[in-house]
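Reckoned from all heavy atoms, side chains included, excluding hydrogens, waters and symmetry mates. For ligands, and for the atoms within them, numbers begin at 1 and follow the listed sequence. Everything numeric in this text was worked out from a predicted model, so none of it was measured.
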Amino acid sequence: MIPLTVKFSNDLPVRHVLNVSGGKDSSALALLMAGRVKGLEQFRHDGMEYVFCDTQKELPETYEYLARLEAELGKKIIRLNAKAGFDHWHKVFGGYLPSPQNRWCTKMLKLKPFEAHVGNDNVVSYVGLRADEDRVGYISKKPNIKTRYPLKEAGIDYDGVVRILEDSGLGLPTFMKWGRTNSGCTFCFFQAPYEWVKLLETYPEYFEEAMKYETIDPNDPNKRFTWMEGAPLSSLLDRKERDRVLSAGIREAAPKSDGKLLSVFSGKSTTPTEACLMCQK
Ligand code: SF4
């Protein structure tokens, strides 16, 4: 086991918790920590708790992939649910959809259940940030939660993640086959327009559900809540627009966040980089 380099202010026992999202990076990290990566067995940690924060708005492939990961790990992934779901918070936030500037979904549906699960225990939280990424991972103000980035520590980059998943037999998450790049809620606002079109083609029922959350009040410009910036999802029902989006491909920008979950707590937004680690990787 890699030595514990983080320090706590007391000598109480330390829990080791890895939050898997159903995506490729956190899954590769789980395999690394389970000692399933040849040549890097020193990362094995048998006392690891694997958890998954279920927003109940996840893609079916996410559940299927988690079940296969669980089988690979030979250990249960604990499912954590927020006390109140997306619809409750959507109402509380006055119909305001989550966005990179106000990512209430991550805070209420991912971070809060995670923090409730760990309580006041000393916890090392293992985050799937790769060696080729420079954004900041899970940052909690709670002094009892310390973070480690073993993929970074082991120098594992994107290709390394793919190799780990292929060598294990798990492979890449199946949603990547039809066009979704990352795990997350079916209607996550971090999707590129291309991914929305792919969602429409693959799961028209989820696309329709996402459309129902949008609000456009022609008499009040402040009441315009759409998942994509500048256009409602209904714009993608038009065949020509869909073809345009598909030919632009995944490169047509998806929204960016500041990558610092600290801002989720503080309400601050800083320089844009990428999506959050708890639900996107
Ligand atoms: S996947 Fe997207 S919509 Fe879901 S909690 Fe994460 S940021 Fe929010």
Side-chain angles (χ1 to χ4, degrees), residues 19-27 51-63 65-66 79-93 95-117 125 127-129 135-140 173 175-176 179-196 198-199 202-203 206-207 209-215 225-229 233 250 253-265 267-270 272-281:
N19 203 318
V20 291
S21 67
K24 62 183 184 331
D25 296 326
S26 62
S27 301
V51 302
F52 169 67
C53 297
D54 189 347
T55 63
Q56 296 174 13
K57 298 287 181 186
E58 313 277 341
L59 290 166
E61 288 91 342
T62 300
Y63 298 113
Y65 196 67
L66 285 172
R79 268 64 167 179
L80 306 178
N81 284 310
K83 280 200 187 110
F86 184 92
D87 292 333
H88 168 82
W89 292 110
H90 183 235
K91 243 187 228 157
V92 170
F93 282 87
Y96 190 98
L97 291 177
S99 67
Q101 292 72 37
N102 187 357
R103 208 164 57 204
W104 57 257
C105 50
T106 307
K107 180 177 175 181
M108 300 304 178
L109 305 174
K110 294 280 182 181
L111 296 177
K112 292 282 182 197
F114 178 75
E115 291 197 339
H117 177 70
S125 167
V127 171
L129 193 72
R135 62 208 164 103
V136 180
Y138 174 61
I139 302 169
S140 173
F175 52 71
M176 292 180 82
R180 178 64 76 89
T181 54
N182 288 309
S183 61
C185 300
T186 53
F187 44 58
C188 179
F189 56 87
F190 278 120
Q191 289 173 84
Y194 176 89
E195 292 177 286
W196 280 112
K198 288 296 179 183
L199 181 71
T202 315
Y203 290 113
Y206 295 150
F207 187 90
E209 187 189 1
M211 279 202 322
K212 287 186 185 149
Y213 283 107
E214 294 191 317
T215 307
F225 307 129
T226 57
W227 293 106
M228 296 191 295
E229 221 176 308
L233 288 180
I250 197 70
K256 306 290 184 193
S257 84
D258 60 15
K260 296 180 181 177
L261 293 190
L262 182 60
S263 67
V264 171
F265 292 106
K268 285 181 205 148
S269 188
T270 54
T273 54
E274 279 189 52
C276 88
L277 292 164
M278 288 197 80
C279 37
Q280 292 283 307
K281 298 283 174 179

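A tilted orientation is assigned to the rings of W89 and F93, their planes being inclined by 30° to 60°.
Partner of P98 under the side-chain contact (heavy atoms from CB on, under 4.5 Å) criterion, out of W104, F225, F187: W104 alone.
Looking at E58 and R79, no side-chain N of the basic residue comes within less than 4.0 Å of a carboxylate O on the acidic one, giving no salt bridge.
The distance from ligand 1 to the heavy atoms of C185 drops below 4.0 Å at these ligand atoms: 1 (S), 3 (S), 4 (Fe), 5 (S). Residue contact check: F190 has heavy atoms under 4.0 Å from atoms 7 (S) of ligand 1. Applying the 4.0 Å criterion to heavy atoms of C188 picks out, from ligand 1, the atoms 1 (S), 2 (Fe), 3 (S), 7 (S).
The closest approach between any non-hydrogen atom of T106 and ligand 1 is below 4.0 Å.
Checking C53, P100, C105, S99 against atom 8 (Fe) of ligand 1, the nearest heavy atom belongs to C105.
The main-chain N or O of P173 is never found under 3.5 Å from a side-chain atom of E61 such that the two would form a donor-acceptor pair. Distance alone, capped at 3.5 Å, places no donor-acceptor pair between the E115 side chain and the K110 backbone.
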